[in-house]
Protein chains: 2
Amino acid sequence: MTTDSTHDSSLQSWVESANDDACDFPIQNLPYGVCLTEDDEPRVCTAIGDQVVDLYELACADLFEDVHESLADAFDWRLNVLMHFGRPFWRQIRSRLSELMSTECGDLRDDSELRKRAMRPIELTELVCPVDIPDYTDFYASVHHATNVGSMFRPDNPLLPNYKWIPIGYHGRASSIVVSGTPIHRPNGQTRPSDDAPPAYGPCRLLDYEMEVGFYVGGTNAIGEVVSIDDAESRIFGMTLVNDWSARDMQKWEYQPLGPFLAKSFATSVSPWVITMDALAPFRCAAFERDADDPQPLDYLDSESNRKQGGVDLQVEVLLATKKMRDDGKEPMRLSKGSFSDMYWTVAQMLTHHASNGCNLQPGDLMASGTVSGPGKDARGCLLELTWRGTEPITLPTGEERKFLQDGDEIIMRGSCERDGYRRIGFGECRGVVVG
Amino acid sequence: MTTDSTHDSSLQSWVESANDDACDFPIQNLPYGVCLTEDDEPRVCTAIGDQVVDLYELACADLFEDVHESLADAFDWRLNVLMHFGRPFWRQIRSRLSELMSTECGDLRDDSELRKRAMRPIELTELVCPVDIPDYTDFYASVHHATNVGSMFRPDNPLLPNYKWIPIGYHGRASSIVVSGTPIHRPNGQTRPSDDAPPAYGPCRLLDYEMEVGFYVGGTNAIGEVVSIDDAESRIFGMTLVNDWSARDMQKWEYQPLGPFLAKSFATSVSPWVITMDALAPFRCAAFERDADDPQPLDYLDSESNRKQGGVDLQVEVLLATKKMRDDGKEPMRLSKGSFSDMYWTVAQMLTHHASNGCNLQPGDLMASGTVSGPGKDARGCLLELTWRGTEPITLPTGEERKFLQDGDEIIMRGSCERDGYRRIGFGECRGVVVG
């Protein structure tokens, strides 16, 4: 991963709000999303400061003609078409976008008609799920999360023997992935609270969130073809925040022997913005440092560049606002703050492992990391861990207590990368309110 | 489920080969598939006798004008558009198709130009995956399979406590579903043959098939909406054969705690023909008869019509042809024959359970039953059971032995329904050759 002029911290935009230090979307970020036009047409867009820029309009005005003649076709739907292209092309578009938004360039800034067609405040824009997701896979890449959860259910043997050898994952449900802001229906399901009584079907009582980081696949490999660990980075388009809503009582009853099913597939939220791996280049870090007695990854999951630069120094936090908190005018309360650099497996290892059996990965496939939990108590990425199965309830500023989520509760996830000498970039938010 | 004139056993077709008793595709069947034109355009088609009929051509020639004005649009791609429509509409199309193919009707029979455009021998036709499958779910609905497999891995406790309460299932990988005839690459993967040695990455050594029956979803329910057991049948478009290829050594090492992953996602084969629920109406039967001490299904999974008519009396068989058998001119050898009526859960129960958490099911979603195994040894639907983990090898007519699949082995699956007073209908075949 190398940085280039698009990361220069002195770069400023003519969009004034982008130059604010606290802004998630400075000119160094340039994430991708999909907004709806007034006619409900999906359009690929970027965010800069507090503005959304419709890239289809820019392409139609020939502002990308040096990159590609017909880029408008790629901006006229979800991000899947763009994800088909490879990294060199993604970099050319980013480079041109950076130029267009910089104080040095008048191509868009000085064209008030085009600005009017292409730019709108984010808060007045409807952002939809940015990708038509063909397949969704959820990993389990935090050894802290796996150990915590394992120790609740198998105190003598918290971490299974395969954990440190295999990036454990499972196929998820793509149809029920929704964009941030979509209300989350409390699911009904089968649960068996007591072994002494038969199970029953009814509303989930142990509803939880999981703070995860997702990444979208770019490009294609044919069925039967693998992706080497050194090629894996070129197959990752960008990253996003994921809330893997979980019905813990349903999960406990259903998950053996084939894994989580309806406890997960009622809804999964994604943030509207995809932060490109090119924007994240300055924030790459070493992969997780394994203990001396941990196994080294098998050859197909190991490379020097992955060891040195496979991690992402991305901080994530989770906030909760209950209905009463909102009614009382209280700010959302932070429940946890973790780092994606604490994950045992890197994104490249997850992708390479996924394709290691010849599974064909397609543009737009979403892979999520599993709950991002760190070694500390304040870095636990779900209520199951934070309240230790409900035995240690959390007290909120209103005096309310929470073991698991109640109707009206809103979960807000945020992510950001900071490093000396570079502008901070943010992921925006992934929000969802539980409805009964 | 009621039968109508399209099931009349005396109905004959002007396509002579359809009137042969041994034919899978008599006029009473009329399955749907998707063929490629000479220009590689996908077209919805049906099979009758040994012929494929391109329904797009028939619609363009106004042969469906009494059903719908622009049905050609639905026949111009995969089956997904047709699957959007509801059962009443599916029945109208079937009824008209039955009429067009019958000896009484000259609309197609007497139009030699149209016949030339629309009809071709099946054996000269390229059939592709009939559906663009949004999500794929695999169930575990045979109590015989679950008990057999469980007794190998947990002799004291073969059947987990949830089995008789919940249709156990897991999300599968949609991208690697391939049509019958596609070669199956032996996957590489991580396995740990011995606890005394570290795992290694290499070719799967315990490659297996699973004989399954799949069904495709029609219509849509919004996220948060459930599907009642009595509405479930109307959400099933049709059934098909599924080979859930399985890498047993990879599965054993990877599957805990989140279920099968890469042991399954390297390939899943489907047969090219979808047999509609309307064609299957005469072959519906009672749901599995539970033992006196088995729990009754919870209310949301129970209805009188499901108990009486939820089953499908469908016989399935698996044949094996090794390379040596083919070279020596031997016929494929039958490995097993089972009945879908032996499944513990009905298709309606699987679908209703899947949507019971509000999961949105989409037209074209594929749900598979899990391995169809019966109570007898000759009704075991995979090699893991047939050879009891490889401890009881099968001897083939060439003198070869098989514990698991070798390169060059072809697995052939067939299915058919028979009942006194009705014409037998067949599912065609689901084939796949293992390549190294």
Side-chain angles (χ1 to χ4, degrees), chain A residues 134-138 140 150 160-162 165-166 168-176 178 182 185 187-190 192 195 198-201 204 223-224 226 247 250 253-267 295 298-301 353-354 356-362 365, chain B residues 134-138 140 150 160-162 165-166 168-176 178 182 185 187-190 192 195 198-201 204 223-224 226 247 250 253-267 295 298-301 353-354 356-362 365:
Chain A
D135 270 299
Y136 164 47
T137 300
D138 196 18
Y140 193 55
L160 292 170
N162 56 13
W165 296 96
I166 293 190
I168 295 289
Y170 67 103
H171 305 296
R173 177 85 191 175
S175 76
S176 51
V178 297
T182 307
H185 299 272
N188 287 300
Q190 235 190 85
R192 186 171 201 169
D195 288 348
Y201 175 74
C204 161
I223 197 165
V226 303
M250 291 161 56
W253 176 231
E254 77 171 2
Y255 91 102
Q256 283 184 312
L258 301 186
F261 179 41
L262 302 191
K264 302 284 190 171
S265 60
F266 60 94
L298 294 184
D299 283 349
Y300 78 104
L301 295 176
H353 183 64
H354 203 321
S356 68
N357 67 344
C359 180
N360 50 331
L361 308 179
Q362 299 183 316
D365 281 346
Chain B
D135 270 300
Y136 163 48
T137 299
D138 196 17
Y140 193 56
L160 292 170
N162 55 13
W165 296 96
I166 293 190
I168 295 288
Y170 67 102
H171 305 296
R173 177 84 191 175
S175 75
S176 50
V178 298
T182 307
H185 299 271
N188 287 301
Q190 233 190 86
R192 186 171 201 170
D195 288 348
Y201 176 76
C204 162
I223 197 165
V226 302
M250 291 160 57
W253 175 231
E254 77 172 0
Y255 91 102
Q256 283 185 312
L258 301 185
F261 180 42
L262 302 191
K264 302 284 190 172
S265 60
F266 60 95
L298 294 184
D299 283 350
Y300 78 105
L301 295 175
H353 182 63
H354 202 320
S356 69
N357 67 344
C359 180
N360 50 332
L361 308 178
Q362 299 183 316
D365 282 346

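Every chain is numbered from 1 and lettered A, B, ... according to where its sequence line falls, protein lines coming before strand lines. Atoms considered below: every heavy atom in the structure, side chains included; atoms not considered: hydrogens, waters and symmetry mates.
Between A/Asn357 and B/Ser265 the shortest heavy-atom distance is ND2-OG, 3.1 Å. Of all the heavy atoms in B/Trp253 and A/Asn162, the pair that sits closest is O-ND2, 3.0 Å.
The residue among A/Gln256, A/His354, A/Lys264 with the most heavy atom pairs within less than 4.5 Å of chain B is A/His354. Contacts with chain A were tallied for B/His185, B/His353, B/Met250, B/Gln362; B/His353 has the most, counting heavy-atom pairs under 4.5 Å. Ranked by heavy-atom pairs shorter than 4.5 Å toward chain B, the options A/Pro257, A/Gly358, A/Gly224 are led by A/Pro257. Heavy-atom pairs under 4.5 Å with chain A peak, among B/Ile223, B/Asp299, B/Leu262, at B/Leu262. Of the listed residues (B/Ala267, B/Gly150, B/Gly189, B/Ala174), the one with the most heavy-atom contacts under 4.5 Å to chain A is B/Ala174. The candidate with the highest count of non-hydrogen atom pairs below 4.5 Å against chain A, out of B/Pro198, B/Pro199, B/Ala263, is B/Pro199.
Under a 3.5 Å cut-off, the side chain of B/Glu254 and the backbone N or O of A/Ile168 do not form any donor-acceptor pair. Under a 3.5 Å cut-off, the side chain of A/Arg173 and the backbone N or O of B/Asn360 do form a donor-acceptor pair.
With a 4.5 Å cut-off on non-hydrogen atoms, A/Pro134 touches chain B through its backbone but not through its side chain. For B/Ala200, the part lying near chain A is the backbone, with the side chain staying farther off; criterion is any non-hydrogen pair under 4.5 Å. For B/Thr137, the part lying near chain A is the side chain, with the backbone staying farther off; criterion is any non-hydrogen pair under 4.5 Å. Both the backbone and the side chain of B/Ile166 come within less than 4.5 Å of a heavy atom of chain A. With a threshold of 4.5 angstrom between heavy atoms, B/Pro161 approaches chain A through its backbone and through its side chain. Heavy atoms of B/Leu301 lying under 4.5 Å from chain A belong exclusively to its side chain.
In this structure, B/Tyr300 has its ring center closer than 6.0 angstrom to the ring center of A/Tyr201. Taking the centre of each ring, B/His171 and A/Tyr136 stay at or above the 6.0 Å mark.
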Margin query: If you apply the rule side-chain hydrogen bond (donor to acceptor under 3.5 Å, both in side chains), what do you find for B/Ser175 with A/Asp365, and how did you get there?
Written below: CA-CA 10 Å; B/Ser175 75; A/Asp365 281 346; 5.3 Å; no

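Looking only at atom types and distance, the side chain of B/Ser356 has no donor-acceptor partner in the side chain of A/Asn188 under 3.5 Å away.
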